[in-house]
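Okay, structure first, notes after.
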Amino acid sequence: MFLLFESITGYAIFSSKEDLSFDIKSPNFQDKILNLYYFLKFFKLKYFAPFQSIEQVLNDTLCISNGVCSAFLLHFLSNTIKNKHKNLILGVCESKLAANINENLMIETISNELIQELMRIIRHHFEKISKDFFYRNINKAQCSVSHLFSQNKMKFNFERIDNMIIQSNFLIEQLDKNINFLSMICKEWYSWHFPELNKIVKDSYLYCLLIKFIGNKNKLTIKKLSELSILFLNEKIGKKIFENSKSSTGSNIEKIDMVIIENLSTCIVSLAEFKLQLNRYLKKKINKLAPNLCSVIGECLGAKLISKVGSLKNLSKYPSSTIQILGSEKALFRSLKKKTKTPKFGILFNSSFIRKTGIKNKAKIARFLSNKCSLACRIDFFSSFNTNLFGKKFKKQIKQRIRSFF
């Protein structure tokens, strides 16, 4: 049996003298095979084809990672083992590469756990064997090629725009949680000093701005009243806050405590402003990537669907029935386990189209909406130019469908 070994130096073909399928399992053999002299009793280097340049190394590495046999490897195998040996069996570590070699050269190939274990043993001794024909440090060569390989992979990674959308969507979700948590603490903390403000102002962002503006309630004067009305664009609310500050039942607060609360409110305000900036960035990015999907369900839901699946490519492969229940996996498995009714919608439930319809027709609209989303995804991914014309037409069709129920 022959073994194809891929390394940074080139392609090597080793011949195995005996069938090691039984010996390889014994711990005694595994300890002995780590010795180079014992290793050479069972394995022999028959052929070797060195790489001529760094470009060739990179090209062949990319081919192997994709499970494709390169022209250099085909030429090497056809000139060595195919023409000189008959009824041979070639062991290959990568299963996809083994299948490709079998298709192109009609050589019988094997790729299993035994071959992988044998490759591990060869890899352990190959640095010592290659000293005779490779004079550079293999570890340094591997490091340099791995850097080039990762850079090249990044260049050919067409999902990198998707990655930006996925990361920004996750960040927005995390910012929402952080803002809600911090604003809850800030309201509880400041309510000891000015509890009436919490009932007047419900919005967390405005509440934190007011903490920075008012500070200590005892320092709120008539001069600040006009500024308060400008902040709310409403004189009544400004007067209400001013009147409540004078008759507040809250306790007094020290300067040190007020500084901490103001710093916390500043942090919340900056996070909320950053979230708005991130939302604008996300809308621009997703409109470039999936304009039709955004036209159908909006930027936020489109980003959530892409981040749930991993990329627009994966989303375009999914059928409409899968898109319909994305986000409700736990409920689906629970219903299958208990043999109850399966969920009808997941992330798409947040769409305004489903919310507008009645309870009886929600499932029908969810199915129709997922159909249009599936078509929009495929148009966005496979089309050579960006346009949202199809998305606008799909949106009109959904609206007409909703009207038909009334």
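If you're wondering where the values come from, they're calculated on a predicted model, not measured in any experiment. Values reported hereafter were calculated over all heavy atoms of this structure, with side chains retained and with hydrogens, waters and symmetry mates removed.
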Notebook entry, point to check: Hey, is the main chain of S320 close enough, under 3.5 Å, to the side chain of N371 for a donor-acceptor pair?
Noted result: no

Margin query: Looking at F390, I want to see if its CZ is surrounded by more than 12 non-hydrogen atoms of other residues, nucleotides or ligands under 6.0 Å.
Written below: no

Item checked: Pair S351-L369, side-chain contact (heavy atoms from CB on, under 4.5 Å): steps then yes or no -> CA-CA 9 Å; S351 174; L369 182 62; 3.7 Å; yes

Next item on the list: Taking K372 for its side chain and L293 for its backbone only, find out whether a donor-acceptor pair lies under 3.5 Å.
Entry: no

Check: Is there side-chain contact between L118 and M1, with heavy atoms separated by less than 4.5 Å?
Finding: yes

Check: Does a salt bridge link R120 with E117, judged by any charged N lying under 4.0 Å from a carboxylate O?
Finding: yes

Check: Which atom pair, heavy atoms only, marks the closest approach of S335 to K341?
Finding: CB-O, 3.4 Å

Note to self: Pairing donors with acceptors under 3.5 angstrom, does anything connect the side chains of K344 and Q324?
What the structure shows: no

Next item on the list: Answer yes or no: is there an ion pair linking K308 with E329, defined by an N-O contact shorter than 4.0 Å?
Entry: yes

Margin query: So does Y318 get a backbone contact from the side chain of T322, meaning a donor-acceptor N/O pair under 3.5 Å?
Written below: no

Next item on the list: Rounded to the nearest 0.5 Å, what's the gap from CG on L301 to CD on E299? Could you check?
Entry: 10.0 Å

Margin query: For the backbone of I253 and the side chain of D257, can you confirm whether one donor and one acceptor N or O come within less than 3.5 Å of each other?
Written below: no

Check: Is there side-chain contact between K44 and S16, with at least one heavy-atom pair below 4.5 Å?
Finding: no

Next item on the list: With rounding to the nearest 0.5 Å, note down the distance linking CG in L45 to CG in L3.
Entry: 11.5 Å

Note to self: Any non-hydrogen side-chain atom of I101 less than 4.5 Å from a side-chain atom of V92?
What the structure shows: yes

Notebook entry, point to check: Within the side chain of S111, is there an N or O that forms a donor-acceptor pair under 3.5 Å with the backbone of C93?
Noted result: yes

Item checked: Test item: R334 and K330 side chains (from C-beta on) under 4.5 Å apart, heavy atoms -> yes

Note to self: Taking the side chain as everything from C-beta on, heavy atoms only, tell me whether I115 gets closer than 4.5 Å to N112.
What the structure shows: yes

Check: Counting only heavy atoms not in H124, do more than 12 sit closer than 6.0 Å to its NE2 atom?
Finding: yes

Next item on the list: Give the C-alpha distance, both sets of side-chain angles, the deciding distance and a yes or no for side-chain contact (heavy atoms from CB on, under 4.5 Å) between N59 and F72.
Entry: CA-CA 10 Å; N59 180 47; F72 178 69; over 6 Å; no

Note to self: Would the distance check show the side chain of N361 and the main-chain N or O of K364 forming a donor-acceptor pair, the cut-off being under 3.5 Å?
What the structure shows: no

Notebook entry, point to check: Is the gap between the ring centers of F51 and Y11 under 6.0 Å?
Noted result: yes

Notebook entry, point to check: Are side-chain heavy atoms of T9 and F126 found at a separation under 4.5 Å?
Noted result: yes

Notebook entry, point to check: Is the Lys NZ or Arg CZ of K313 less than 6.0 Å from the centre of F381's six-membered ring, within 45° of the axis?
Noted result: no

Check: Can you find a pair of side-chain heavy atoms, one from N79 and one from Y47, that are under 4.5 Å apart?
Finding: no

Notebook entry, point to check: If every non-hydrogen atom of K392 is compared with every non-hydrogen atom of S295, which pair is closest and at what distance?
Noted result: N-CB, 4.0 Å

Margin query: More than 12 heavy atoms of other residues, nucleotides or ligands under 6.0 Å from NZ of K396: yes or no?
Written below: no

Checklist line | N279 (side chain) donor-acceptor with K275 (main chain) under 3.5 angstrom | finding: yes

Next item on the list: To the nearest 0.5 Å, tell me how far F194 CZ sits from L220 CG.
Entry: 7.0 Å

Notebook entry, point to check: Above 12 or not: heavy atoms from other molecules or residues under 6.0 Å from NZ of K362?
Noted result: yes

Next item on the list: Enter the distance from E188:CD to S183:OG here, rounded to the nearest 0.5 Å.
Entry: 10.0 Å

Note to self: Can you tell me if Y281 has over 12 outside heavy atoms packed within less than 6.0 Å of its OH?
What the structure shows: yes

Item checked: R401 versus I365, closest heavy-atom pair with distance -> CG-CD1, 3.8 Å

Check: Do you know which two heavy atoms are closest between L315 and C377, and how far apart they sit?
Finding: CD2-SG, 3.3 Å

Notebook entry, point to check: Does a donor on one side chain and an acceptor on the other come within less than 3.5 Å for N292 and D380?
Noted result: yes

Check: So, the side chain of N216 versus the backbone of K219: is there a donor-acceptor pair under 3.5 Å, distance only?
Finding: no

Item checked: I256, CD1: over 12 other non-hydrogen atoms inside 6.0 angstrom -> no

Margin query: Assess the residue pair C186 and I268 against the criterion (side-chain contact (heavy atoms from CB on, under 4.5 Å)); give the C-alpha distance rounded to whole Å, side-chain angles, the decisive distance to 0.1 Å, and a yes or no.
Written below: CA-CA 9 Å; C186 191; I268 294 163; 3.8 Å; yes

Check: Taking all atoms of both residues into account, what is the closest heavy-atom pair of C373 and I297, and its distance?
Finding: SG-CG2, 3.5 Å

Notebook entry, point to check: Are T109 and N102 close enough that a side-chain donor and a side-chain acceptor fall under 3.5 Å?
Noted result: no

Notebook entry, point to check: With a 4.5 Å limit on heavy-atom distance, are the side chains of K255 and M258 in contact?
Noted result: no

Check: Taking the six-membered ring for Trp, are F39 and F14 parallel (under 30°), tilted (30 to 60°) or perpendicular (over 60°)?
Finding: perpendicular

Check: Just checking, is any N or O donor in the side chain of N180 or D176 under 3.5 Å from an acceptor N or O on the other one?
Finding: no

Margin query: To the closest 0.5 Å, what do you measure between SG (C69) and NZ (K96)?
Written below: 15.5 Å

Notebook entry, point to check: Between S265 and K212, does any side-chain donor sit less than 3.5 Å from a side-chain acceptor?
Noted result: no

Check: Just by modelled atom types, is the L348 backbone N or O under 3.5 Å from a matching donor or acceptor in the K304 side chain?
Finding: no

Note to self: Tell me whether N100 contacts the main-chain N or O of V68 through its side chain, where contact means a donor paired with an acceptor under 3.5 Å.
What the structure shows: no

Margin query: Please give me the minimum heavy-atom distance between I33 and H125, naming the atom from each residue.
Written below: O-NE2, 2.7 Å

Next item on the list: Please lay out, stage by stage, how I110 and L90 fare under the test side-chain contact (heavy atoms from CB on, under 4.5 Å).
Entry: CA-CA 6 Å; I110 299 174; L90 181 67; over 6 Å; no

Note to self: Is the distance from the ring center of Y190 to that of H193 below 6.0 Å?
What the structure shows: yes

